[in-house]
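Structure first, commentary second.
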There are 2 protein chains.
Amino acid sequence: MTTTFKRMVLASRPQAEVTPDNFRLETVEVPALQDGQVLVRNHYLSLDPYMRGRMSDAKSYAAPQPLDETMIGGTVGQVVESKHPKYAAGDFVVGMAGWTELAVSDGSDMRKIDTTHIPLSAYLGPVGMPGMTAWYGFTQIMQAKEGETICVSAASGAVGSVVGQLAKLKGCRAIGIAGGKDKCDYVVEELGFDACIDYKAGNLRADLKAAAPKGIDAIFENVGGEVFDAALARTNAFARIALCGMIAGYNGEDIPLRNVRQLLTNRITLRGFIVSEHMELWPQGLQELGTLVATGKLKYRESIAEGLEGAPDAFIGLLKGRNFGKQLVKLI
Amino acid sequence: MTTTFKRMVLASRPQAEVTPDNFRLETVEVPALQDGQVLVRNHYLSLDPYMRGRMSDAKSYAAPQPLDETMIGGTVGQVVESKHPKYAAGDFVVGMAGWTELAVSDGSDMRKIDTTHIPLSAYLGPVGMPGMTAWYGFTQIMQAKEGETICVSAASGAVGSVVGQLAKLKGCRAIGIAGGKDKCDYVVEELGFDACIDYKAGNLRADLKAAAPKGIDAIFENVGGEVFDAALARTNAFARIALCGMIAGYNGEDIPLRNVRQLLTNRITLRGFIVSEHMELWPQGLQELGTLVATGKLKYRESIAEGLEGAPDAFIGLLKGRNFGKQLVKLI
C-alpha cells in the first residue's frame with residue numbers, strides 16, 4: 001500500500017494564456033480513513049474547457065478554483081478501501097475528485113457505475129458530462145426535427161461529436177465545424193456527419209453556405225467568435241441556438257458578435273446553459289447515451305495523456321484545439 | 001365628395017440615412033367602388049421604426065417596400081362608403097392602409113373598432129401594434145415576476161412605455177433607458193417607472209448599476225448596440241431578453257455586441273420576435289390593454305405631425321429619436 005500520492009494544484013492564475021507554471025505537482029500523504037469515508041484510486045482524469053474559466057477569478061457562473069488546492073476535475077476510478085456502507089473495495093465510481101491520483105470522499109460526490117458494457121473512460125465522455133451537455137442542448141434547446149439542418153462547432157470534440165450523432169439518429173442534416181483536415185475527415189467518415197468545415201482553411205462562410213444550402217435551423221455553439229458569426233449568418237427563420245461554450249475568448253479577449261441582427265430578423269431563440277443545473281434530466285439522458293454507446297451507435301474518440309505530470313501540457317493543448325476527441329489523463 | 005386624394009410613395013431606397021427625397025407625394029383619383037369594397041378616410045397614420053427596414057432591399061423577415069407604391073403603414077380611419085356587407089359608412093376601422101389619405105379595401109385587412117371608451121388614435125398605440133408588441137414581449141418572453149427588475153430601452157416610446165407600465169402593474173422594479181432629461185422625467189414622473197437613465201448623459205453603465213442594484217432579471221431591447229451591451233452587463237443569472245428592435249443599426253452600420261459572454265455565463269434566454277406572427281394572442285392582449293387604457297391605468301403620449309406632407313420629416317425624426325411618445329401623422 002502506497003503511503004503518498006501526487007496531486008496537481010493551481011499555483012497561480014493565468015494573466016493571458018495558460019502556462020505550465022500556473023500548476024504545481026505536489027506529493028502528499030494518504031490520510032487515515034475515517035468512518036463513512038471511501039478511498040478511491042483514480043484511473044482517468046477528464047480535462048475540459050470549463051477549467052480555464054475556473055482558473056480566473058473573474059465573475060462567472062461558478063466560484064473560482066482556489067489557489068494551492070487540488071485542481072477541479074471529473075474522474076473515474078476504483079474504490080481501494082471503504083468505511084462507507086454503500087461502497088466496497090473494487091467498486092468502479094465516477095465523481096469529481098480533481099487532478100489527483102488518490103482521493104478520500106464521503107461518498108456524496110460520486111456514484112457507482114457499471115463497466116460491463118460501457119468502458120470506464122466513457123463515463124467521462126459520451127456517458128458523462130460531455131455527453132449530457134450534448135444531449136441536453138440537442139433535446140431541450142435545439143429541438144431539431146427530421147429533415148432540418150443543424151450546425152455544431154468543435155465537432156470532433158467530446159460534446160460536438162455527440163451532438164452531430166444525435167442529430168443523424170434523428171434524421172437531420174448534420175454540419176460540423178472543426179480545425180484541420182484530419183478532424184474534419186473523422187467527423188464525416190467515422191461519425192457520419194453530412195459535412196464538416198475546416199475553419200482553418202479560410203473559407204468558413206462560403207464553405208458553410210455550400211454545406212447548408214437550405215440554411216441552418218439549429219446551432220450548438222461551443223466556440224463563439226468568428227465561427228459563431230458564420231453560422232448565425234446562415235440561420236433560417238425561427239432557428240434555435242444552444243450556447244454552450246466560448247473557448248475562443250477564454251484568454252480574456254472580447255470577441256464581439258457581429259451578426260447580432262440575425263437574432264432579430266430570424267426570430268431566433270438562443271439559450272446559454274450549464275448542464276449541471278439540470279440534474280433532473282441526467283438519469284434519462286445517461287440511460288439513452290449509455291444504450292447508444294453499449295450498442296455501438298454512438299462513437300467517440302479519446303486523446304490520452306500519461307500521468308498527472310502530463311496534465312498541464314494536455315490541458316494547454318486542449319485550449320489550443322490540439323486534442324482530437326475527449327482529452328483524458330491516464331493516472332494508473 | 002372629393003375626387004382626388006394624396007398618397008406618399010417610396011421614390012428611392014436610402015443609401016445610408018433616410019432623406020426627404022426618398023419619398024414622393026402623389027395626387028391620385030379616387031377609384032369607383034366595386035361590390036365587396038370599402039372606401040376609408042384615414043384619420044391617423046402610424047410611423048414606426050420597422051418602416052426603415054422595409055425601405056431597404058436587404059434580406060429581412062419581410063419583403064421590401066416596392067418602389068413607386070404607397071408606403072406601408074398602420075392607419076385608423078372611418079368608412080366613407082361601403083359596398084361590403086360587414087361595413088357601413090361611419091364605422092371606425094384600424095388597418096394597414098399605408099401613407100395615404102383615402103384607401104379602398106376589400107375589408108380583409110382591417111377591423112372595426114369601438115371608440116366609446118378608447119380614443120381612435122390609441123388603436124395605433126397602446127391598444128394597437130406597439131401595445132401588443134410590449135404585451136407579447138413582457139408576458140411571453142420576459143415572464144417577469146413580482147420583485148424582479150426589468151430594463152427597457154426607448155422607454156418613452158410607444159412600445160417601451162407600455163413594457164414598463166405592465167412591469168409596474170406586475171410589481172416589478174422598472175428601469176427605463178431614454179435619450180434626454182425630458183424623456184427620462186416623463187418616464188419616471190408620468191409613467192411611474194422607478195428610474196430612467198439618459199443614455200446621452202454619458203454614464204450609461206454607472207447609472208444603470210446605480211438604478212439596478214440587484215441586477216437585471218429581464219430586458220426588453222428596442223435599440224441594440226451600446227445600450228443593449230450596458231444592460232447585458234448588469235444581467236442576473238437566468239435573465240430573459242425580448243429582442244424587439246435594433247434601431248441604432250437601421251442605417252446599415254454593423255453594431256457588434258460585446259458582452260456576448262454574458263449570454264453564456266448568466267444562462268440567458270434571448271428571443272427575437274415579430275408580434276404579427278403571434279396573431280392568436282392579439283384578442284387576449286388587446287382586451288387587457290384596452291381595459292387598462294379605458295380605465296386610465298395605462299398612460300401614453302403622442303407626437304402628432306400634420307398632414308402627409310409632414311410624414312417624411314416626422315419619420316426621419318423618429319429614426320433619430322426626436323419624437324416623444326407614439327409618432328402619428330394626422331390626416332384629417
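Since the model is a prediction, treat every value here as computed from it, not as a measurement. By convention in this document, chain letters (A, B, ...) are assigned in the order of the sequence lines, proteins followed by strands, and residues within each chain are numbered from 1.
Interface residue A:L263: backbone and side-chain heavy atoms are both found under 4.5 Å from chain B.
Note that CD of B:E221 and CG of A:L264 are 10.0 Å apart. Values are rounded to the nearest 0.5 Å.
Put simply, the side chain of B:M246 reaches to within 4.5 Å of the side chain of A:V260, judged on heavy atoms. With a 4.5 Å cut-off on side-chain heavy atoms, B:F238 and A:E277 count as touching.
Summarising the local packing, CD of B:E226 is surrounded by 12 or fewer heavy atoms from other residues, nucleotides or ligands at distances under 6.0 Å. Around CD of A:E146, the count of heavy atoms belonging to other residues, nucleotides or ligands within 6.0 Å does not exceed 12. More than 12 heavy-atom neighbours from other residues, nucleotides or ligands sit within 6.0 angstrom of CD on B:Q140.
Chain B forms more heavy-atom pairs under 4.5 Å with one residue of A:L257, A:D229, A:L243 than with any other, namely A:L257. Chain A forms the most heavy-atom pairs under 4.5 Å with one residue out of B:I241, B:T269, B:L270, and that residue is B:L270.
Scanning both residues, A:F273 and B:R267, for their nearest heavy atoms gives CA-CG, 3.8 Å.
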